[in-house]
Amino acid sequence: MRAVGYIRVSTQEQAREGISLEAQEDKIRKYADLHNLNLIQVIRDEGKSGKDLNREGIQKIIALCKKKEIDHLIVYKMDRLTRRTLDLLTLVEEVFKPNNVQFHSITERVDTSTAQGKFFLTIIGAMAQMERDLVSERTREALRYKISRGEPVGSPPLGYQVNGKGWEKLEGELKTVNFIKALKRKRLSLRQIANRLNEAGISTKRGGKWYAGTVRYILRNGRYKKRKRAVSV
């Protein structure tokens, strides 16, 4: 009865709820001992969101299942595996079932070896999806409220910094914006402009190098449209 445990936590969740990786692993090991399961390893994804299956740990589990190297998968809580109902059902129907892998969730007491466990799995998965959708909905409403009040949303672009509830201009950085526009008027390509900026030792907002995509973002940003005066650098 080969079993594998899976644990996951994001930094934000760990700080808010205290569901540490160590706590999850301890629960899984005790569960395996109680049910006479041979826990061969515990796979972890640290600092990873459960919004999709693009995680190294999950991909490793999928590979183990398809190779038929495990018989049971144990998690502390359903949402440690995934927060999306579709992903959850995909794992169960396309990965676990075809490879005879039984899924166990300790907190929700799910055991897919029974019909009741399979039904409960679907219900719990839907609830996890609803919770994530509610969080997204509240976030969108909060952003709309800030926008309606004229408050800045997101990180300030090149040439601006957050000052109280608004953005304050940084004339030094705005000179770079004008320099980019001047080079564009000379019909330089995006890559050529990026090279000129890098050669001049001018860094991006975050202190990195310039690329064609970064230059394109500046040229397409409506916030800079009214600044037409070219400045040489």
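Residues take their numbers from the sequence shown, with the count starting at 1.
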- Message: Atom CZ of residue position Arg196 - does it have more than 12 heavy atoms of other residues, nucleotides or ligands inside 6.0 Å?
- Response: no
- Item | CG/Asn54: more than 12 non-hydrogen atoms of other groups inside 6.0 Å | no
Grab the two heavy atoms, one from [X] and one from [Y], that are nearest each other, plus how far apart they are.
| X | Y | value |
| --- | --- | --- |
| Ile28 | Ile74 | CD1-O, 3.6 Å |
| Leu21 | Arg44 | CD1-NH1, 3.4 Å |
| Val4 | Leu64 | CG2-CD1, 4.4 Å |
| Ala194 | Ala212 | CB-N, 4.1 Å |
| Arg187 | Gln192 | O-OE1, 4.5 Å |

How many angstroms lie between atom [atom1] of [X] and atom [atom2] of [Y], to the nearest 0.5 angstrom?
| X | Y | atom1 | atom2 | result |
| --- | --- | --- | --- | --- |
| Asn38 | Ile70 | CG | CD1 | 12.0 Å |
| Gln41 | Glu69 | CD | CD | 9.0 Å |
| Glu22 | Ile7 | CD | CD1 | 7.0 Å |
| Tyr217 | Leu190 | OH | CG | 15.0 Å |

Check whether any side-chain heavy atom of [X] sits under 4.5 Å from a side-chain heavy atom of [Y], and report yes or no.
| X | Y | result |
| --- | --- | --- |
| Gln24 | Val9 | yes |
| Ile180 | Val215 | yes |
| Lys181 | Ile218 | no |
| Lys184 | Ile193 | yes |
| Ile43 | Ile61 | yes |
| Thr204 | Leu158 | no |
| Phe179 | Leu183 | yes |
| Leu73 | Leu81 | yes |

- I would like to know whether Arg29 and Glu25 meet side chain to side chain contact (heavy atoms under 4.5 Å, CB included); could you show each step before the answer? CA-CA 6 Å; Arg29 291 191 179 281; Glu25 183 170 349; 2.9 Å; yes
Return yes if some donor-acceptor pair links the side-chain N/O of [X] with the main-chain N/O of [Y] below 3.5 Å, else return no.
| X | Y | answer |
| --- | --- | --- |
| Thr107 | Tyr76 | yes |
| Trp210 | Ile202 | yes |
| Glu141 | Arg138 | no |
| Arg8 | Asp45 | no |
| Asp71 | Arg2 | yes |
| Gln59 | Leu53 | yes |

- side chain to side chain contact (heavy atoms under 4.5 Å, CB included) evaluation trace for Met1 with Asn36: CA-CA 8 Å; Met1 306 290 286; Asn36 297 319; over 6 Å; no
Using a 3.5 Å cut-off and no angle test, enumerate the donor-acceptor pairs between side-chain atoms of residues 95-104 and protein atoms at least two apart in sequence or in another chain.
residue: Lys97; atom: NZ; partner: Glu93; partner atom: OE1; Å: 3.2
residue: Lys97; atom: NZ; partner: Glu93; partner atom: OE2; Å: 2.8
residue: Asn99; atom: OD1; partner: Lys68; partner atom: NZ; Å: 3.2
residue: Asn99; atom: ND2; partner: Val95; partner atom: O; Å: 2.7
residue: Gln102; atom: OE1; partner: Thr112; partner atom: OG1; Å: 3.3
residue: Gln102; atom: OE1; partner: Ser113; partner atom: N; Å: 3.0
residue: His104; atom: ND1; partner: Tyr31; partner atom: OH; Å: 2.9
residue: His104; atom: NE2; partner: His72; partner atom: ND1; Å: 2.8

- Message: Looking at Asp26 and Lys30, is there a salt bridge between them, counting it only when a charged N and a carboxylate O are closer than 4.0 Å?
- Response: yes
- For the hydrophobic clusters of this structure (ILVMFWY residues joined by side-chain heavy atoms under 4.5 Å, transitively), does one cluster hold both Ile106 and Val42? yes
- Item | side chain to side chain contact (heavy atoms under 4.5 Å, CB included) evaluation trace for Leu170 with Leu174 | CA-CA 6 Å; Leu170 297 174; Leu174 287 173; 5.8 Å; no
- Do Arg55 and Tyr6 have a side chain donor and acceptor closer than 3.5 Å? yes
- Query: Can a donor-acceptor pair be found between the side chains of Glu108 and Ser105 at a distance below 3.5 Å?
  - Reply: yes
